[in-house]
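Below: the structure, in structure tokens.
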Protein chains: 2
Amino acid sequence: MSDIGQGSIWTRPEKAERSGPGRRPGYSRAQITEAAIRIADAEGIDAATMRRIAQELGTGAMSLYRYVPKRDDLVDLMVDAVLGEVELPERPSGDWRADLSLVAHQTRAAGLRHPWQVTLARRPTLGPHSLRIYDFALRALDGFGLHIDEMTSLCGMVGDYVASAVRDEIGWLDQARRTGMDRRRWMGEYVGPYVRQVVESGRYPMFNRTIREGRLAHLPPDARFQYGLDRVLNGIAAALPDGASIEDR
Amino acid sequence: MSDIGQGSIWTRPEKAERSGPGRRPGYSRAQITEAAIRIADAEGIDAATMRRIAQELGTGAMSLYRYVPKRDDLVDLMVDAVLGEVELPERPSGDWRADLSLVAHQTRAAGLRHPWQVTLARRPTLGPHSLRIYDFALRALDGFGLHIDEMTSLCGMVGDYVASAVRDEIGWLDQARRTGMDRRRWMGEYVGPYVRQVVESGRYPMFNRTIREGRLAHLPPDARFQYGLDRVLNGIAAALPDGASIEDR
DNA sequence: AGCCATTCGAGTACGATGTACGCAAGACGG
DNA sequence: CCGTCTTGCGTACATCGTACTCGAATGGCT
């Protein structure tokens, strides 16, 4: 039996409780993942090194490899664990707009609690919690006579929006921490001067209008998120048969 | 004059041609960026190390730091250089749907030529080419009486879709290369068994329908991209005043 | 009770990375 | 030609992921 390419982390579940000889495991994937997330939340994903995680658990770095094949796999576990915080009812309510809103807000909240999460654009993730959320969203659009392909496309729009909105919201925050500045200082000496320079160049008329006329950037984050989400949901509403919903403006 | 936090790479333009004492630079940002992209295209972004890039140029690693403050900044330059391949006319045609389609297809094409590009979900990028494309897209939606905030939201949907679609399309390809398998083998022993396992678990009914009834996954990539893009554009059409366009199905 | 197959814990070690530092080589103005 | 400033780049260091290795722990067998 070869050891290369044993499959993704999801096809290699944690060894089950066994009854045989050998020392008992002292840790678990969940425990390791939890420690890694704690570190990443506090100091950024780059700080969550194997050594640092092991230290957090009071063990040696190499011990972790008894539970996780590679660090990349651990990151997959971390991402899915974050999505595990998304709380959804057993089944959609029947009000598709409310249901997709719930998914969006919950996912956003989880993302904001773990800012490192959205900075990872890796392979499409297929962890159990990711699937759970995806399935809920799809069920919210079920029953309108749409083809499954159309439903996946529409749900994708919501997911894409949330990821992108949270990324913008986190914004430079993660990047600022990496260089050790706080948000205000970062905006002041990093982003600010550049934006001013871009505006004054006059090369990007619409960008300038965004800066001058746009109110979105000055709204509180919640309202800003809601605004964009409503645009997306309105777009979805247009794909549903008439009468399936009332458009929101 | 402190050296910390001199601002982003965009506020630190390449030193201009000067007339004074001192040796003349032997390289340029463009040259370095180009070499880095060449390597990343062929062997993945992780292979584009400072040493490797320098080697490609026949110089030493530390020489690069005369042109680029940090590797992260070089990556920013690489991303924007890729977006420089997006070819757009001077001004939008007046047919918003065709214009946004053009942006989407051009951006996708650039992304596919440089698969590493979409795997980077960093800070919101504000490089010159990024701004150029964004501005073009916004202008395509100008003149319909929409508020600038609505226009940015709608354009964001297109951008988000393209990024996400290309990421899916690249899919595991980049990940597969990292482990040294080809695409077929990767699907066969990595993704395949897991998907089968998920389907058989029966826990995700809609995911199962996607696998069983969905035709999207079996379409040629171009058609698949177009399908999703049409969903997004239909959503945008719904936000425009009546008569601005004919819905496409 | 004692042995043994097996599994876990973790120290040591290796190759690779980003980059700080320092100095020699080159290029212009005087 | 010399002083001054810039570039080229070798050396060095901290840190990373992780392969290898072996002692410690454990439960089933005789």
Side-chain angles (χ1 to χ4, degrees), chain A residues 1-6 9 12 14-29 31-32 35-36 39-40 43-78 175 178-180, chain B residues 1-6 9 12 14-29 31-32 35-36 39-40 43-78 175 178-180:
Chain A
M1 185 164 32
S2 114
D3 253 34
I4 29 166
Q6 283 278 103
I9 186 74
R12 291 238 261 162
E14 196 160 16
K15 273 182 277 288
E17 192 71 27
R18 103 197 95 73
S19 72
R23 194 169 168 175
R24 293 293 157 240
Y27 307 95
S28 69
R29 271 191 191 171
Q31 206 178 6
I32 293 170
I39 296 168
E43 309 167 39
I45 185 73
D46 289 342
T49 68
M50 298 306 267
R51 279 170 240 259
R52 182 83 175 66
I53 298 165
Q55 185 194 6
E56 182 90 0
L57 293 169
T59 179
M62 292 313 295
S63 301
L64 306 181
Y65 288 93
R66 294 278 173 197
Y67 302 87
V68 166
K70 318 194 106 234
R71 190 183 113 95
D72 278 10
D73 295 312
L74 177 53
V75 174
D76 281 349
L77 290 174
M78 291 169 69
Q175 199 70 18
R178 194 172 310 204
T179 61
Chain B
M1 188 165 28
S2 118
D3 253 34
I4 29 168
Q6 282 280 103
I9 186 74
R12 290 240 261 162
E14 197 159 13
K15 272 181 278 289
E17 192 71 26
R18 102 195 98 72
S19 72
R23 193 170 168 176
R24 296 289 159 246
Y27 307 94
S28 69
R29 272 192 191 169
Q31 206 174 78
I32 293 170
I39 296 167
E43 310 167 40
I45 185 72
D46 289 343
T49 67
M50 298 306 267
R51 280 170 241 259
R52 182 84 177 68
I53 298 165
Q55 185 194 6
E56 182 90 0
L57 293 169
T59 180
M62 291 314 293
S63 302
L64 306 181
Y65 287 93
R66 293 282 173 195
Y67 302 88
V68 166
K70 315 191 108 246
R71 183 180 186 273
D72 278 9
D73 295 311
L74 177 54
V75 174
D76 281 350
L77 290 174
M78 292 169 69
Q175 200 70 20
R178 194 171 309 202
T179 61

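Side chains are part of it too, since the values below use all heavy atoms of this structure and drop only hydrogens, waters and symmetry mates. Order of the sequence lines sets the chain letters (A, B, ...), proteins ahead of strands, with each chain counted from 1.
Taking only side-chain atoms of B:A61, from C-beta outward, the nucleotide of D:dA19, C:dT19, C:dA27 with the closest atom is C:dT19. Closest contact between the side chain of B:M62 and the listed nucleotides C:dG9, C:dC28, D:dG10 involves D:dG10. Checking D:dT11, C:dC8, D:dT7 against every side-chain atom of B:P25, the shortest atom distance belongs to D:dT7. For B:R24, taking side-chain heavy atoms from C-beta onward, the closest of the listed nucleotides C:dC28, D:dT11, C:dG18 is C:dC28. Nearest nucleotide to the A:R23 side chain, out of D:dG8, C:dG18, C:dT7: C:dT7. If you check C:dG9, D:dT7, C:dT19 against the side chain of B:R18, the one that comes closest is D:dT7.
Rounding to whole angstrom units, CG of residue B:D46 and C1' of C:dG15 are separated by 16 Å. The interatomic distance linking B:D73 (CG) with C:dG18 (P) rounds to 13 Å, in whole Å. Counting to the nearest Å, the C1' atom of D:dA25 and the CZ atom of A:R66 are 12 Å from each other. Atom pair A:L74:CG and D:dG17:P shows a separation of 10 Å (rounding to whole Å applied). A:M50 places its CE atom 17 Å from the C1' atom of C:dT12, with the value rounded to the nearest Å. The distance from atom CZ of A:R71 to atom P of D:dC16 is 10 Å, rounded to the nearest whole Å. One atom, CD1 of A:I53, and another, P of D:dG17, lie 8 Å apart when rounded to the nearest Å. Note: CD (A:Q55) to P (D:dG17) measures 13 Å, nearest angstrom.
Put simply, B:T49 has a side-chain N or O that comes within less than 4.0 Å of OP1 or OP2 on C:dT17. B:Y27 has a side-chain polar atom (N or O) that falls below the 4.0 Å cut-off from OP1 or OP2 of D:dC9. OP1 and OP2 of C:dC21 both lie 4.0 Å or more from every side-chain N or O belonging to B:Y65. The phosphate of C:dG18 (OP1 or OP2) has no side-chain N or O of B:K70 nearer than 4.0 angstrom.
Inter-residue side-chain proximity for A:R66 and A:P25 is flagged as unmet; no heavy-atom pair is nearer than 4.5 Å. Taking the side chain as every heavy atom from C-beta outward, A:I9 and A:R29 approach each other to under 4.5 Å. Inter-residue side-chain proximity for A:L57 and A:L64 is flagged as met; some heavy-atom pair is nearer than 4.5 Å.
Across B:G26 and B:Q31, no two heavy atoms sit closer than the pair O-OE1, 4.0 Å. Between A:E14 and A:S28, the closest heavy-atom pair is OE2-CA, 3.3 Å. The two residues A:I53 and A:I39 make their nearest non-hydrogen contact at CA-CD1, 3.7 Å.
Using a 4.0 Å heavy-atom criterion, one finds that B:G22 contacts the bases of the nucleic acid, with or without backbone contacts as well. Base engagement by B:S63 is indicated by at least one non-hydrogen atom pair under 4.0 Å involving a base atom.
Nearer the 5' end of DNA chain C, as judged by each residue's closest nucleotide, is the contact made by A:R51, out of A:R51 and B:A48.
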